[in-house]
Enquirer: 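The structure that follows is given in the form of structure tokens.
What you see below is based on every heavy atom in this structure, not just the backbone, and it leaves out hydrogens, waters and symmetry mates. Note that this is a predicted model, so its numbers are computed, not measured. Lettering follows sequence order; numbering is per chain, from 1.
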Protein chains: 2
Amino acid sequence: MKAQALHGHLDALLLAVLEQGALHGYAIIEALRARSDGSLDLPTGTIYPALRRLERAGHVASTWSTVNGRERRTYQLTDAGRRALAGERAGWHEFQQTVGRFLDPGSPPGTPA
Amino acid sequence: MKAQALHGHLDALLLAVLEQGALHGYAIIEALRARSDGSLDLPTGTIYPALRRLERAGHVASTWSTVNGRERRTYQLTDAGRRALAGERAGWHEFQQTVGRFLDPGSPPGTPA
DNA sequence: CCGAACAAGTAGCGTAGCTACACATGAAGG
DNA sequence: CCTTCATGTGTAGCTACGCTACTTGTTCGG
């Protein structure tokens, strides 16, 4: 799918994958790809800046660790991040309903309840 | 709702409102507001450029008319626009499902069918 | 006469995802 | 041994696109 359609919803996705457990950037990319059956194959240039945004916003916290001589930055959800995720979920549902009202089949304005 | 989340889906919305009949720009804005119960209150600076994009793309065609001394540009869906709308609908459903898989409650990866 | 609603439009801004690149290490293979 | 690939992180610059703010012009009501 056209990945650029994510605009504005990427943060929510990132928070959602981190909800299930802390992950490092590379693993997040793989998790998104796996959970979406390959639909979401996001480049590093999208993920890393997004994670830094989320960290600046206080929604995630990162810790460095070294695994097999490779530096890893592992991100975990903060309490604020969990709250933000709840908000993102609500926003997503509203967005989904609003757009769906135009794009989903059935129930154009004339249709009675 | 945060209107900027529309990113990438606005074209689909415009095509969808025009599907029900030709409208001029101002009326499109009002139609979007009405059909979304006020959630979508888009400024002219968003709509008019978007309509020109759609016209350049051949998805809509416009005709000028004068009503009560006021110039109106009325937009109607072209055949290509109708096809584009079908594609946008498909894309929307895929997008909705993909994002929903992360943001909707229930059915995290482990859950069996 | 003046302001509000109607109607169209542009210029410039900001956000945010994308492309393309750079850098480093470890494992695998010729 | 040396190259190549997977792992892992990161930045610079581009572009798309919606938003803010403004402009122009008409009709109508107070």
Enquirer: So if I take residues 55-66 of chain A and measure heavy-atom distances to DNA chain D, which residues fall below 4.0 Å?
Expert: A/W64
Enquirer: A/D79: what forms a salt bridge (charged side-chain N to carboxylate O under 4.0 Å, His left out) with it, not counting sequence neighbours?
Expert: none
Enquirer: What is the distance, rounded to the nearest whole Å, between atom CZ of B/R72 and atom P of D/dT24?
Expert: 23 Å
Enquirer: Run the side-chain contact (heavy atoms from CB on, under 4.5 Å) test against B/A80 and tell me which residues pass, sequence neighbours left out.
Expert: B/H59, B/T78, B/R83
Enquirer: Whole angstrom is fine here: how far is it from CZ in B/R33 over to C1' in C/dC6?
Expert: 12 Å
Enquirer: Taking side-chain contact (heavy atoms from CB on, under 4.5 Å) as the definition, give me every residue that meets it alongside B/A22, ordered by chain and number, with sequence neighbours left out.
Expert: B/T74, B/Q76
Enquirer: Sequence neighbours excluded, which residues qualify as salt bridge (charged side-chain N to carboxylate O under 4.0 Å, His left out) partners of A/R72?
Expert: none
Enquirer: Among the nucleotides D/dG10, C/dA7, C/dT10, which one has an atom lying closest to any side-chain atom of B/Y26?
Expert: C/dA7
Enquirer: Pull out every protein N or O sitting under 3.5 Å from an N or O of nucleotides 26-30 of chain D, one pair per line with the distance.
Expert:
residue : atom : partner : partner atom : Å
D/dT26  : O2   : B/R70   : NE           : 3.0
D/dT27  : O4'  : B/R70   : NH2          : 3.3

Enquirer: To the nearest Å, give me how far apart CG (B/L51) and P (D/dG18) are.
Expert: 11 Å
Enquirer: Take the protein atom CD of A/E71 and the nucleotide atom P of D/dA6, then report the distance between them rounded to whole Å.
Expert: 23 Å
Enquirer: Got B/L42 and B/L6 here, is their nearest side-chain heavy-atom distance under 4.5 Å?
Expert: yes
Enquirer: Are any non-hydrogen side-chain atoms of A/L14 and A/I47 less than 4.5 angstrom apart?
Expert: yes
Enquirer: Taking the side chain of B/E30 as heavy atoms from C-beta outward, which of C/dC6, D/dT9, D/dC19 is closest to it?
Expert: C/dC6
Enquirer: For the pair A/W92 and A/H9, name the ring-plane relationship: parallel under 30°, tilted 30 to 60°, perpendicular over 60°.
Expert: perpendicular
Enquirer: To the nearest 10 degrees, what angle separates the axes at the start and end of the helix from C/dC1-D/dG30 to C/dG30-D/dC1, five pairs each?
Expert: 0°
Enquirer: In whole angstrom, what separates B/L54's CG from D/dC17's C1'?
Expert: 13 Å
Enquirer: Compare every heavy atom of A/G81 with every heavy atom of A/L15, then report the nearest pair and how far apart it is.
Expert: CD1-O, 4.0 Å
Enquirer: Under the salt bridge (Lys or Arg N to Asp or Glu O under 4.0 Å) definition, can you give me all pairs with a residue in residues 43-60 of chain A, not counting sequence neighbours?
Expert: A/D11-A/R53, A/E55-A/R73
Enquirer: Any side-chain hydrogen bond (donor to acceptor under 3.5 Å, both in side chains) involving residues 23-34 of chain B? Give me the pairs, sequence neighbours left out, ordered by first then second residue.
Expert: B/R33-B/D41
Enquirer: Nearest-Å distance, NE2 (B/H24) to P (D/dG25)?
Expert: 20 Å
Enquirer: How close or far is atom C1' of D/dG18 from atom CG of B/L14, stated in whole angstroms?
Expert: 12 Å
Enquirer: For the rings on B/Y75 and B/W64, is their centre-to-centre separation under 6.0 Å?
Expert: no
Enquirer: Out of C/dG9, C/dT19, D/dC19, which has the shortest distance to the side chain of A/P43?
Expert: C/dT19
Enquirer: Would you say a side-chain N or O of A/R52 is under 4.0 Å from OP1 or OP2 of D/dT11?
Expert: yes
Enquirer: For a quick test of reading the model: is some side-chain N or O of B/Y48 closer than 4.0 Å to OP1 or OP2 of C/dA8?
Expert: yes
Enquirer: Atom pairs under 3.5 Å, N or O on each side, protein against nucleotides 11-16 of chain C: can you list them with distances?
Expert:
none

Enquirer: Among C/dC18, D/dA21, C/dA5, which nucleotide has an atom closest to any side-chain atom of A/T46?
Expert: C/dC18
Enquirer: Walk me through whether B/S39 and A/F95 qualify under side-chain contact (heavy atoms from CB on, under 4.5 Å).
Expert: CA-CA 9 Å; B/S39 299; A/F95 173 74; over 6 Å; no
Enquirer: Can we say B/E19 and B/R89 salt-bridge, meaning some charged N sits less than 4.0 Å from an Asp/Glu carboxylate O?
Expert: yes
Enquirer: Could you list all the salt bridge (Lys or Arg N to Asp or Glu O under 4.0 Å) pairs where at least one residue sits in residues 60-71 of chain B, not counting sequence neighbours?
Expert: none
Enquirer: Whole angstrom is fine here: how far is it from CG in B/D41 over to P in C/dA5?
Expert: 13 Å
